[in-house]
**Student:** 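Structure incoming, see below.
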Amino acid sequence: MTNDEVAILLHEIGDMLDILGEDRFRVVSYHRAARAVEGLTADVGDLVRDGKLGDIPGVGTAIAEKITEYVTTGRLGYHEELKARFPPGVLDLLQVRGIGPKKVQILWQQLGITDLAGLEEAAKHHRLRRIKGFGEKTEANLLKAIETYRQGQARALIWDAAQLVDAIRAHLESRAPITRLEAAGSFRRMRETVGDVDILVTTRDVKAAMRAFTAFPAVKQVYSEGEIKSSVLVEYDAYTGGKRLLQVDLEILDADSWGAGLQYFT
DNA sequence: GAAAGGCGTCT
DNA sequence: AGACGCC
């Protein structure tokens, strides 16, 4: 039982409670606890054994009880009960970029959309844009996101990610005065695989650095582009052959918040 | 259920 | 401006 598995489970409970319109505080509590478990250096299984779960900030008696159940039995009744309240397919919608609990609730309750195919159909026939919070742009983005989701964004081998980071570094350094550049997140934690890459940068020309990043030749899609923070989808050559897709985020930091940023994003 | 928040996008 | 999604 890994910390990540426990964290995913807690996040899922939070999302399900959110979709069901349950108390905001409980929703936030589960996500907060999940984040705390993600960031743990100790193994959650060891903490259960030593009765130290309560030491985790964000984990109180109720959540500690649930973590214990999952770690000791491999199952979590509360999670299963919640899951049983959803038609199959509804929770898959959360996997589409741009769809969160609020939008799942609306799609499900107001349009009866319970799976990916239904969402795609509705977007194609412009049935979404009449719903509160949705518009023309959202429909277009969703169609693209569904396509990307279906292409399957598997986790990248750390070696492949390292090649990609090197290429991005060379590209940025050739186009902007980069003073520091480092990949944070799971990459810096030296996992075997990464689900995305977070790159932190300090530079004397923020605009040029950001422009260079989103103009990196292998960028297939720009999810967002701000002054100091951007997110893109990049194509890379897998070591095992073939082209793959990976999300890469760039954050530009002040020189004096470099250490804190590295800490925070790792 | 137990003590977070900032940035970017869309309506 | 407010809601939402995401890190």
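The sequence lines fix the lettering, A, B, ..., with proteins before strands; numbering per chain opens at 1.
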**Student:** Could you check whether A:Gly58 gets within reach of a base, just the sugar-phosphate, or nothing at all, counting any heavy atom under 4.0 Å?
**Tutor:** sugar-phosphate
**Student:** Distance check, P atoms only: B:dA4 and C:dC6, in whole angstrom units.
**Tutor:** 23 Å
**Student:** Taking only the P atom of each, what is the distance from C:dC7 to B:dA3 in whole angstrom?
**Tutor:** 24 Å
**Student:** Keeping the roles fixed (side chain from A:Ser231, backbone from A:Ser224), state whether a donor-acceptor pair exists under 3.5 Å.
**Tutor:** no
**Student:** When you measure from the side chain of A:Asn3 to the backbone N and O of A:Val44, does any donor-acceptor pair fall under 3.5 Å?
**Tutor:** yes
**Student:** Base, sugar-phosphate or nothing for A:Thr61? Non-hydrogen atoms, less than 4.0 Å.
**Tutor:** sugar-phosphate
**Student:** Hey, are A:Glu81 and A:Arg85 close enough for a salt bridge, meaning a charged N less than 4.0 Å from a carboxylate O?
**Tutor:** no
**Student:** Can you pull out the residues from residues 100-109 of chain A that lie within a 4.0 Å heavy-atom distance of DNA chain B?
**Tutor:** none
**Student:** For DNA chain B, note the earliest and the latest nucleotide, 5' to 3', having some atom under 4.0 Å of a heavy atom belonging to chain A.
**Tutor:** B:dG1 to B:dT11
**Student:** Tell me what A:Glu225 touches on the nucleic acid: a base, only sugar-phosphate, or nothing, going by heavy atoms under 4.0 Å.
**Tutor:** sugar-phosphate
**Student:** Identify which one of A:Thr68, A:Asp43, A:Val6 satisfies the side-chain contact (heavy atoms from CB on, under 4.5 Å) criterion when paired with A:Val48.
**Tutor:** A:Thr68
**Student:** Check each residue of residues 6-44 of chain A for a non-hydrogen atom within less than 4.0 Å of any atom in DNA chain C, then write out the ones that pass by number, or none.
**Tutor:** none
**Student:** Spell out, as yes or no, whether a donor-acceptor pair under 3.5 Å connects the side chain of A:Thr179 to the backbone of A:Thr202.
**Tutor:** yes
**Student:** Begin with the C-alpha distance, continue with both residues' side-chain angles, and end with the deciding distance and a verdict on side chain to side chain contact (heavy atoms under 4.5 Å, CB included) for A:Ile168 and A:Ile199.
**Tutor:** CA-CA 9 Å; A:Ile168 292 173; A:Ile199 297 177; 4.0 Å; yes
**Student:** Rounded at 0.5 Å granularity, tell me how far CZ in A:Phe134 sits from CZ in A:Arg127.
**Tutor:** 13.5 Å
**Student:** So does A:Leu128 get a backbone contact from the side chain of A:Glu139, meaning a donor-acceptor N/O pair under 3.5 Å?
**Tutor:** yes
**Student:** Which comes earlier along DNA chain B counting from the 5' end, the contact point of A:Ala64 or that of A:Lys132, where each point is its nearest nucleotide?
**Tutor:** A:Ala64
**Student:** Is it true that A:Asp237 and A:Arg244 have a side-chain N and a carboxylate O under 4.0 angstrom from each other?
**Tutor:** no
**Student:** Quick check: on DNA chain B, is the nucleotide nearest A:Met210 upstream (toward 5') of the one nearest A:Gly133, or the reverse? Name the residue that is more 5'.
**Tutor:** A:Met210
**Student:** Under 4.0 angstrom, heavy atoms only, what part of the nucleic acid is A:Glu136 near: base, sugar-phosphate, or nothing?
**Tutor:** sugar-phosphate
**Student:** Does A:Phe134 reach a base, just sugar-phosphate, or nothing at all? Heavy atoms under 4.0 Å.
**Tutor:** sugar-phosphate
**Student:** Could you walk me through whether A:Leu94 and A:Ile19 satisfy the side chain to side chain contact (heavy atoms under 4.5 Å, CB included) test, starting with their C-alpha distance in whole Å, then the side-chain angles of each, then the deciding distance to 0.1 Å, before giving a yes or no?
**Tutor:** CA-CA 10 Å; A:Leu94 287 171; A:Ile19 295 170; 4.2 Å; yes
**Student:** If the plane angle is over 60° it's perpendicular, under 30° parallel, otherwise tilted; pick one for A:His171 and A:Phe216.
**Tutor:** perpendicular
